[in-house]
Amino acid sequence: MEKSHENVKAFGWAARDTSGVLSPFNFSRRVTGEKDVQFKVMYCGICHSDLHQLKNEWSNSIYPLVPGHEVVGVVTEVGSKVEKFKIGDKVGVGCLVGSCRKCENCDNDLENYCPDMILTYNGVDTDGTTTYGGYSDIMVTNEHYVVHWPENLPMEAAPLLCAGITTYSPLRYYGLDKPGMHIGVVGLGGLGHMAVKFAKAFGTKVTVISTSVSKKDEAIDRLGADSFWSVVTLTKCRSGAAGSLDGIIDTVSAIHPLLPLINLLKTNGKLVMVGAPEKPLELPVFPLLLGRKLVAGSGIGGMKETQEMVDFAAKHNITPDVEVVPMDYLNTALERLLKLDVKYRFVLDIGNTLNKN
C-alpha cells in the first residue's frame with residue numbers, strides 16, 4: 001500500500017527575522033520518496049555563511065530560516081528505488097540538495113555550478129517549498145546529493161562538506177596538487193586551515209600568508225605548514241618571495257590588495273579566490289600580462305568530487321579542527337563566530353543535545 005502524502009514531523013532551530021537569533025522550531029519534511037534517503041542528523045557544522053543568511057546580509061533570506069549545510073547523520077529510511085544506501089549507513093549532505101540533472105554542468109558532475117542548483121537551506125525545492133538545513137533532527141534528501149561517510153572518519157568532521165570541499169576542489173582542478181609544488185594559503189580560518197591540510201597531504205610545500213603574525217606558530221607547529229609570511233612584510237617587498245609560488249588559495253573574505261599576492265606567483269602561477277569579499281577587489285592587469293598569471297575562482301564541488309574528498313580525508317586522516325557544542329549554545333557560538341573566536345569551526349552535537357522539550 002502506498003504511503004499517504006502527509007509530511008513527516010521535524011524539529012530544529014530557526015531564525016524568524018533579521019536579528020538572526022535562533023529558537024526551537026517545529027516544521028515538516030516531505031515523506032521519503034522512492035529515490036530519497038531519510039536520516040537522523042548527528043552533527044552539523046556552523047559555517048560563516050550561516051551568519052550572513054541569518055541576518056539577511058545577502059538580501060535573499062527566507063524566514064523562518066533553518067541553517068546548516070555541513071550535515072552528517074545515520075540513515076533511518078530509504079525509498080523503494082534507492083540504490084546506494086541502506087538503513088544504518090553513515091551519510092553526509094553538503095551545500096546542495098538538488099540540480100536539474102540535464103544541463104552540461106550536471107552531465108559533467110558539476111551539479112554545484114548548475115543554474116538550477118537547490119541549496120540545502122534557504123533554497124526553493126522542486127515542489128515550491130523552502131529548504132531547511134541541518135540544524136534539525138532529521139533530513140530527507142534525494143540519494144544523488146548524499147555522500148557515504150567513511151567509517152574511520154569522525155562524524156564531527158562535518159565541516160569537510162563545505163570548508164573541506166571548497167579548498168580541495170581548487171587544489172585539484174587547477175593542478176595545485178602535485179608533490180613538490182609550492183602553494184600559498186592566504187588566511188588561516190575555517191577554510192584556510194583545511195587548505196593547509198589538503199595541500200600538505202598532496203605532498204606540496206605550504207606557506208601560510210596572514211596579517212596576523214601571532215598565527216605563525218599555529219600555522220607551522222599545529223597545522224604543519226612549512227613556512228609563514230606576514231602580509232605586512234610582503235607589501236614591503238620580501239626578498240626571495242617574489243615569483244616563488246606555483247599557486248595561491250586565497251580564503252580571505254575581507255577587502256584586501258591582490259598585487260602583493262600576484263607578485264608572489266611564478267610565471268603561469270594561479271591565484272584562486274575562494275573567499276567572498278562583499279565589494280569588488282582591484283585587479284592590477286600588468287603583473288598578469290608580465291607573467292601569464294591567472295586569477296580565478298572556485299566554489300564547492302560536485303557530488304562525485306565531494307565523495308572523492310571525504311574518501312581522501314579518511315585515507316589521510318584529515319579532519320577539521322572543531323569545537324563541538326550543544327544545541328542550546330548555538331546563539332552564543334554564532335556571537336563568537338562573528339568575533340572569529342573559534343579554532344576553526346563550531347560543530348553542533350545535534351544527535352545528543354537537540355531537545356524537543
Side-chain angles (χ1 to χ4, degrees), residues 45-52 70 157-171 174 176-177 181-202 204-235 238 241 244-258 260-262 264-265 270-278 281 297-298 300 309 313 316-324 333 336-347:
I46 299 178
C47 178
H48 205 277
S49 60
D50 297 347
L51 278 175
H52 297 292
E70 302 173 343
L160 285 170
L161 294 163
C162 176
I165 188 61
T166 298
T167 49
Y168 178 90
S169 185
L171 287 166
Y174 290 105
L176 304 177
D177 57 350
M181 280 186 158
H182 190 177
I183 306 300
V185 175
V186 187
L188 198 58
L191 291 173
H193 90 289
M194 290 309 308
V196 172
K197 292 186 180 194
F198 280 125
K200 285 298 294 180
F202 287 132
T204 70
K205 179 183 176 185
V206 179
T207 294
V208 169
I209 302 164
S210 174
T211 53
S212 306
V213 181
S214 60
K215 291 189 175 181
K216 180 177 181 179
D217 291 343
E218 199 171 306
I220 295 172
D221 298 339
R222 185 169 161 194
L223 295 172
D226 298 279
S227 52
F228 179 94
W229 295 344
S230 159
V231 171
V232 177
T233 314
L234 291 175
T235 52
R238 179 190 179 95
S244 65
L245 300 180
D246 295 283
I248 296 172
I249 303 295
D250 186 343
T251 72
V252 175
S253 291
I255 307 295
H256 59 291
L258 297 183
L261 302 178
I262 293 169
L264 293 175
L265 293 171
K270 299 159 185 172
L271 168 59
V272 188
M273 315 297 292
V274 296
E278 59 189 36
L281 303 181
S298 182
I300 53 169
M309 179 274 304
H316 294 272
N317 197 26
I318 296 170
T319 56
D321 290 14
V322 301
E323 182 178 332
V324 179
R336 284 180 53 196
L337 179 59
L338 193 59
K339 301 173 194 163
L340 305 180
D341 176 23
V342 60
K343 285 195 171 89
Y344 288 95
R345 279 292 228 231
F346 284 114
V347 173

Backbone N or O of [Y] within a donor-acceptor pair of the [X] side chain at under 3.5 Å?
| X | Y | result |
| --- | --- | --- |
| H256 | A254 | yes |
| S169 | T166 | no |
| R336 | D341 | yes |

Can you find a pair of side-chain heavy atoms, one from [X] and one from [Y], that are under 4.5 Å apart?
| X | Y | answer |
| --- | --- | --- |
| D250 | V274 | no |
| P170 | I249 | yes |
| I183 | T207 | no |
| L176 | T204 | no |

Check: residues 188-202 side-chain donor-acceptor pairs under 3.5 Å, at least two apart:
residue : atom : partner : partner atom : Å
H193    : ND1  : G189    : O            : 3.1
H193    : ND1  : G190    : O            : 3.0
H193    : NE2  : D321    : N            : 2.9
K197    : NZ   : T319    : O            : 2.7
K197    : NZ   : D321    : OD1          : 2.6
K200    : NZ   : D226    : OD1          : 3.2
K200    : NZ   : D226    : OD2          : 3.1

message: Testing the 3.5 Å rule here: is there a donor-acceptor pair between the side chains of H182 and S244?
response: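 No, S244 and H182 have no side-chain donor paired with an acceptor closer than 3.5 Å.
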
- prompt: Hey, mind stepping through I209 and V185 against side-chain contact (heavy atoms from CB on, under 4.5 Å) and telling me if it holds?
  reply: CA-CA 6 Å; I209 302 164; V185 175; over 6 Å; no

- request: Kindly write out the residues that satisfy side-chain hydrogen bond (donor to acceptor under 3.5 Å, both in side chains) with Y174, not counting sequence neighbours, or none if the list is empty.
  value: none

- line: SG of C47 to NE2 of H52, rounded to nearest 0.5 Å, is 8.5 Å

